[in-house]
2 protein chains.
Amino acid sequence: MSIPLGDRRVQRHAPIREQVAAILRDAIVNMELRPGQVLVERELCEMTSASRPSVREALRQLESEGLVESRNGRGTVVAAPTREQAEHLYEVRAELEGMAAELFAERADEQQRAELRAAFGSVEESALRDGRAMLAAKDRLYRVLIAGAGNPILSEMLGGLQRRVTQLRALTLTSPGRPTESLLEIRAIMAAIEDRDPAAARAAAIVHVEQAARTALTFADAASPLLPH
Amino acid sequence: MSIPLGDRRVQRHAPIREQVAAILRDAIVNMELRPGQVLVERELCEMTSASRPSVREALRQLESEGLVESRNGRGTVVAAPTREQAEHLYEVRAELEGMAAELFAERADEQQRAELRAAFGSVEESALRDGRAMLAAKDRLYRVLIAGAGNPILSEMLGGLQRRVTQLRALTLTSPGRPTESLLEIRAIMAAIEDRDPAAARAAAIVHVEQAARTALTFADAASPLLPH
DNA sequence: TGAACCCAATCTGTCTGACAATGTTATAGC
DNA sequence: GCTATAACATTGTCAGACAGATTGGGTTCA
């Protein structure tokens with residue numbers, strides 16, 4: 001006469017090091033921790049109420065993700081890509097997002113297409129309203145698109161790249177007229193996907209990323225780190 | 001009257017955690033540590049004469065690189081990609097290596113082209129002789145090609161992908177006739193680069209990776225982990 | 001004999017505390 | 001005001017410890 005347990009399973013608490021990594025990742029992506037900022041281990045311990053070993057393991061993880069840099073012997077800082085690095089990031093991202101769009105057009109099933117349409121609806125709706133809302137909606141659109149490509153390795157790599165340019169993406173919004181342009185470019189991707197035209201989807205996605213890159217990089221100075229303080 | 005010091009600078013010894021990571025990376029890529037093998041921390045400590053915290057930091061790094069997997073609570077094992085994952089790895093690798101070849105054809109200077117020709121010479125020379133030598137020569141060729149693309153982000157990602165399929169690459173050699181085929185495909189890439197035809201270089205590189213994938217995956221069973229013991 | 005159960009050994013995940021080496025800052029002297 | 005030295009802070013690394021989880025073996029019971 002036991003009550004069915006259903007999904008009561010206590011979701012085995014993630015290791016502390018991963019919780020710490022998640023917290024710091026969030027803080028970096030949201031710019032609570034600024035590029036170039038020094039990460040003092042003791043402060044991170046207090047901030048996360050974890051011990052130094054756990055914090056250090058989390059930092060190693062973020063280091064491989066390219067979100068922080070370890071200056072041998074002088075501690076760890078939040079990564080601050082130079083303009084050149086930013087160009088390289090966008091170049092690879094364009095390639096991989098083109099690939100994702102192509103694969104989606106090729107492989108996605110009807111449910112995934114419906115989800116994509118829904119996500120696009122949110123983007124359109126939020127576009128003229130609120131910049132920050134549009135950014136969140138675009139993030140969701142990307143997630144759906146990338147998931148629909150059906151390649152987890154690709155997803156992982158694109159996720160990493162996107163986090164690394166998030167700092168720059170925020171800038172994009174401040175450019176006048178950019179939201180509407182951006183919307184048009186995304187509409188082109190959507191149209192190609194509806195037409196089941198993989199090549200066109202790829203091309204449209206590449207154009208979109210290249211435009212975003214151009215806008216973001218306009219704000220950046222050539223030699224010095226972006227957003228130095 | 002001081003003797004010029006030149007490049008005597010003692011290259012600040014890399015942190016122990018990185019030395020450990022390098023040792024383990026090597027061991028995994030060379031199959032001294034087999035896919036699926038459990039990595040017992042105490043043994044790694046003895047093997048590297050480092051302490052447990054250092055070993056653990058190194059493991060976190062390798063985890064983000066996809067070379068090991070941490071089974072929550074049950075320790076860390078050498079990653080053993082399933083056939084499906086291997087397909088995804090090759091799919092992304094084809095895309096990025098196509099990109100690298102295209103960029104090389106577009107951007108490489110004369111010195112880099114000369115280096116590439118030299119590396120290709122080694123490959124040709126070793127092709128009919130010794131499988132293992134050919135693999136090393138091909139690695140050098142790839143390194144030159146990828147470096148000549150002039151995008152460090154791309155280099156890093158391709159490097160990571162290549163390490164993750166190294167286990168499978170060894171299989172490729174055992175396929176009869178594969179070395180000669182492989183050589184022809186690479187020759188096509190070289191020709192396109194000499195012609196300064198980026199699109200053709202991309203296409204040839206993609207064909208090459210797709211063929212290699214086909215050969216490697218022939219050896220693998222569908223559901224189960226590759227190379228399970 | 002075979003299956004379920006329990007216990008011990010092992011190993012991970014995590015913490016505390018410690019230390020030398022290296023930077024950084026502040027102070028004192030010129 | 002500038003340089004040199006001293007005091008402090010922080011990292012990189014280690015040793016030791018402990019609870020909890022997992023595993024394998026042995027034992028009991030059918």
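We name chains A, B, ... by the order of the sequence lines, and we start the count at 1 in each one. Just so it is clear, the values below take in all heavy atoms, side chains as well, and ignore hydrogens, waters and symmetry mates.
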Using the 3.5 Å cut-off, write out each protein N or O paired with an N or O of nucleotides 5-9 of chain C and the distance between them.
none

Under 3.5 Å donor-acceptor pairs involving side-chain atoms of residues 142-151 of chain B, not counting sequence neighbours:
| from | atom 1 | to | atom 2 | distance (Å) |
| --- | --- | --- | --- | --- |
| B:Tyr142 | OH | B:His208 | NE2 | 3.0 |
| B:Asn151 | OD1 | B:Ile153 | N | 3.0 |
| B:Asn151 | OD1 | B:Leu154 | N | 3.0 |
| B:Asn151 | ND2 | A:His88 | O | 3.3 |
| B:Asn151 | ND2 | A:Glu91 | OE1 | 2.8 |

With side chains defined as the heavy atoms from C-beta onward, is the minimum distance between [X] and [Y] less than 4.5 Å?
X        : Y        : value
A:Arg214 : A:Glu210 : yes
B:Thr76  : B:Arg71  : no
B:Leu116 : B:Leu141 : yes
A:Arg140 : A:Ser122 : yes

Pairs of donor and acceptor atoms involving the side chains of residues 15-24 of chain B, under 3.5 Å and at least two apart or interchain, shall be tabulated with distances.
| from | atom 1 | to | atom 2 | distance (Å) |
| --- | --- | --- | --- | --- |
| B:Arg17 | NH2 | A:Ser70 | OG | 3.1 |
| B:Gln19 | NE2 | B:Ala14 | O | 2.9 |

Margin query: For B:Arg74 and B:Glu69: C-alpha separation, side-chain torsions, deciding distance, then whether salt bridge (charged side-chain N to carboxylate O under 4.0 Å, His left out) applies.
Written below: CA-CA 11 Å; B:Arg74 274 173 300 161; B:Glu69 280 167 22; over 6 Å; no
Next item on the list: With sequence neighbours left out, write down each residue that passes salt bridge (Lys or Arg N to Asp or Glu O under 4.0 Å) with A:Arg60, or none if nothing qualifies.
Entry: A:Glu63, B:Glu57
Note to self: Donor-acceptor check, side chain of A:Asp109 to backbone of A:Gln111, threshold 3.5 angstrom: yes or no?
What the structure shows: yes
Note to self: Please check this pair: side chain of B:Ser126 against backbone of B:Val123, looking for a donor-acceptor N/O pair closer than 3.5 Å.
What the structure shows: yes
Notebook entry, point to check: Base, sugar-phosphate, or nothing for A:Leu59, non-hydrogen atoms under 4.0 angstrom?
Noted result: nothing
Note to self: Please give me every residue in residues 48-57 of chain B whose heavy atoms get under 4.0 Å of an atom in DNA chain C, ordered by residue number.
What the structure shows: B:Arg52, B:Arg56
Notebook entry, point to check: Which one, C:dT12, D:dT11, D:dT22, comes nearest to the side chain of B:Glu41?
Noted result: C:dT12
Margin query: Walk me through whether B:Ile28 and B:Arg163 qualify under side-chain contact (heavy atoms from CB on, under 4.5 Å).
Written below: CA-CA 9 Å; B:Ile28 291 173; B:Arg163 275 193 292 275; over 6 Å; no
Check: Toward the 5' end of DNA chain C, which comes first, B:Val40 or A:Arg74, by nearest nucleotide?
Finding: B:Val40
Atom-pair distance ([atom1] on [X]; [atom2] on [N]), nearest Å:
X       : N      : atom1 : atom2 : value
A:Ile16 : C:dC15 : CD1   : C1'   : 9 Å
B:Glu46 : D:dA15 : CD    : P     : 12 Å
B:Asn72 : C:dC11 : CG    : C1'   : 14 Å

Dump the pairs, protein N or O against N or O of nucleotides 5-9 of chain D, anything under 3.5 Å, distances to one decimal.
none

